[in-house]
Amino acid sequence: MGIQDNFWTIGEETVAWGTKATTLTRGIENQTDDATPNVEFLQSRGMRPATVATPTGRSVAVPRGGQHVLTLDLMAKSLGLVFASVASTVATTTPGGATLTRLHTFTPTTTGPTKSFTVHAGRADVGGTVNHHDYLGCMAESLNLALAPKGLPVLKSTFAYKTLDTAAASVTPSYPTSSHVYRDIDCVVSIDGNSECLRSADFTIPTGLDMERWRICAGGREKPVLNTRVEPTGTLSLDYDSDSWQDAWLAGTELEDLIITFTGPEIETGFDFLFRATFPLIQLTGSSPKVGLDVTPEQPLPFRVLDNGTDPAWTLEYQTTDTAY
């Protein structure tokens with residue numbers, strides 16, 4: 001037993017928020033063990049002679065859920081549940097003329113995401129025993145994608161969970177075979193139909209869910225719901241070759257169709273593996289060009305996503321051979 005015996009799986013909860021997913025075998029190749037349980041200690045404060053600290057039996061632990069972050073390389077198969085966690089609607093289609101190809105399209109609505117998930121962690125201790133932990137009622141706070149030259153695109157999915165079961169039943173993870181790992185050279189970024197050669201790119205899609213619905217009721221907490229306006233953000237970085245981008249920021253210009261596309265190998269004739277993030281309308285939020293000694297002049301482009309009133313504020317498309325997202 002060793003580090004490679006640690007594993008994570010994910011499954012959608014179909015019965016109720018916080019009720020373990022019926023299917024929990026989809027393996028996700030998590031890079032870090034980043035879970036933070038939130039436990040509050042409430043202490044009785046009544047006066048009592050001959051005591052200095054809180055007397056024994058007067059401090060109670062109250063679990064308050066917690067956070068679990070998954071960090072994953074962007075791969076051509078098996079990540080649909082991660083994308084679904086930030087979406088309100090998921091459409092699965094077979095493109096015309098295809099037989100093996102499926103296109104999963106993830107979009108938001110004004111109601112916000114409602115799907116919840118169970119994340120299972122199989123952790124190997126120093127003695128070689130794998131301990132099984134279920135994070136129940138996981139709902140996404142945000143999804144981030146970051147990419148730099150000579151590197152792989154990395155997804156970071158941040159979940160808030162309802163409860164933790166440290167005595168969970170074991171599961172056997174299942175992983176896709178021959179899944180293409182998307183690379184920096186697989187990526188094309190365009191704004192308003194023009195391809196841009198970038199130094200780096202990232203975006204974050206928040207869900208806007210109220211994760212703190214603590215109430216006086218069974219379980220002490222209600223299922224998260226949307227309670228704010230959702231505004232994805234990000235930063236692009238280019239070589240500084242003119243003042244056009246800075247002028248667009250200073251003028252508050254709204255720019256159309258930021259599209260980030262990763263294309264993989266062919267699935268079948270005319271259809272490739274693909275991941276695409278589309279933001280129909282963005283506005284630059286500001287940065288001056290950066291110049292200096294021993295550096296190539298740079299133009300950072302932090303941005304926010306606007307709603308054009310017609311299209312979804314963002315769309316994620318995942319073309320793969322997975323028949324289910």
Side-chain angles (χ1 to χ4, degrees), residues 10 12-14 17 70 72 74-96 98 101-117 138-145 153 155-160 182 187-193 201-211 223-234 254-263 271-283 303-325:
I10 189 171
E12 184 176 344
E13 297 175 348
T14 56
W17 174 53
L70 302 176
L72 317 161
L74 180 62
M75 301 178 71
K77 298 180 185 179
S78 205
L79 293 180
L81 289 177
V82 176
F83 300 131
S85 69
V86 296
S88 302
T89 62
V90 183
T92 298
T93 58
T94 301
T101 305
R102 299 294 183 272
L103 177 62
H104 307 290
T105 304
F106 308 88
T107 53
T109 68
T110 55
T111 59
T114 59
K115 298 181 185 299
S116 65
F117 302 83
C138 290
M139 297 190 72
E141 294 180 324
S142 65
L143 179 69
N144 171 268
L145 176 66
L155 288 169
K156 181 172 287 188
S157 181
T158 301
F159 288 100
Y182 287 111
C187 183
V188 174
V189 179
S190 65
I191 302 177
D192 197 24
D202 75 80
F203 66 79
T204 298
I205 298 174
T207 59
L209 296 178
D210 177 8
M211 301 296 187
K223 184 178 181 179
V225 296
L226 184 69
N227 76 338
T228 189
R229 178 165 283 170
V230 175
E231 184 178 280
T233 57
E254 296 178 355
L255 305 172
E256 295 185 347
D257 293 329
L258 168 60
I259 302 174
I260 302 172
T261 304
F262 291 87
T263 304
F271 300 94
D272 298 328
F273 286 100
L274 175 143
F275 172 77
R276 179 164 51 221
T278 300
F279 304 100
L281 193 65
I282 66 169
Q283 187 175 53
F303 67 87
R304 64 177 178 177
V305 174
L306 304 178
D307 194 322
N308 69 6
T310 302
D311 304 297
W314 57 265
T315 299
L316 302 180
E317 296 170 281
Y318 194 46
Q319 187 158 283
T320 178
T321 53
D322 299 335
T323 56
Y325 66 84

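Computed from heavy atoms alone, side chains included, the values below leave out hydrogens, waters and symmetry copies. Since the model is a prediction, treat every value here as computed from it, not as a measurement.
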Could you check whether any side-chain heavy atom of [X] comes within less than 4.5 Å of a side-chain heavy atom of [Y], counting everything from C-beta outward?
X	Y	result
Ile10	Phe159	yes
Phe303	Leu255	no
Pro232	Pro206	yes
Leu72	Ser157	no
Thr89	Thr109	yes
His104	Asp322	yes
Cys187	Tyr182	no

Checking the side chain of Thr320 only, and the main-chain atoms of Ala76 only, is there a donor and an acceptor separated by less than 3.5 Å? yes
Under the rule for ring-ring contact (aromatic ring centres under 6.0 Å, His included), what residues qualify as partners of Phe83, not counting sequence neighbours?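 Phe83 satisfies ring-ring contact (aromatic ring centres under 6.0 Å, His included) with Phe106, Phe275, Tyr318 once adjacent residues are dropped.
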Restricting to ring-ring contact (aromatic ring centres under 6.0 Å, His included), what partner residues turn up for Phe203, sequence neighbours left out?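 In terms of ring-ring contact (aromatic ring centres under 6.0 Å, His included), with neighbours along the sequence ignored, Phe203 is linked to Phe279.
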For [X], check side-chain contact (heavy atoms from CB on, under 4.5 Å) against everything at least two apart and list the hits.
X	answer
Asp257	Ile259, Pro280
Asn144	Ala146, Lys156, Asp202, Thr204
Thr114	Lys223

Contacts of [X] that satisfy salt bridge (Lys or Arg N to Asp or Glu O under 4.0 Å) - sequence neighbours left out:
X	answer
Glu231	Arg304
Arg276	Glu317
Glu12	Lys115

Mind listing the closest non-hydrogen atom pair of [X] and [Y] along with its distance?
X	Y	value
Pro113	Ser88	N-OG, 3.5 Å
Val86	Ala140	CG1-CB, 3.9 Å
Thr323	Thr92	O-CG2, 3.9 Å
Gln319	Pro95	OE1-CG, 3.9 Å
Asp307	Gly309	OD1-N, 2.8 Å
Cys138	Glu13	N-OE2, 4.4 Å

Just checking, any donor-acceptor pair under 3.5 angstrom between side chains of Thr158 and Glu141?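 The answer is no; no qualifying pair exists.
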Sequence neighbours excluded, every pair satisfying side-chain hydrogen bond (donor to acceptor under 3.5 Å, both in side chains) that has a member inside residues 76-87: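 Matches after skipping sequence neighbours: none remain.
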[X]: what forms a side chain to side chain donor-acceptor pair (under 3.5 Å) with it, not counting sequence neighbours?
X	value
Asn308	Asp311
Thr310	none
Ser142	none

Atom pair [atom1]/[atom2] of [X] and [Y] - distance to nearest 0.5 Å:
X	Y	atom1	atom2	value
Met139	Asp210	CE	CG	11.0 Å
Leu209	Leu226	CG	CG	6.5 Å
Asp272	Phe262	CG	CZ	15.0 Å
Leu155	Leu74	CG	CG	5.0 Å

Please determine which of Thr278, Ile260, Leu143, Val90 meets the side chain to side chain contact (heavy atoms under 4.5 Å, CB included) test together with Leu316.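 Result: among Thr278, Ile260, Leu143, Val90, Leu143 is the only option passing the side chain to side chain contact (heavy atoms under 4.5 Å, CB included) with Leu316.
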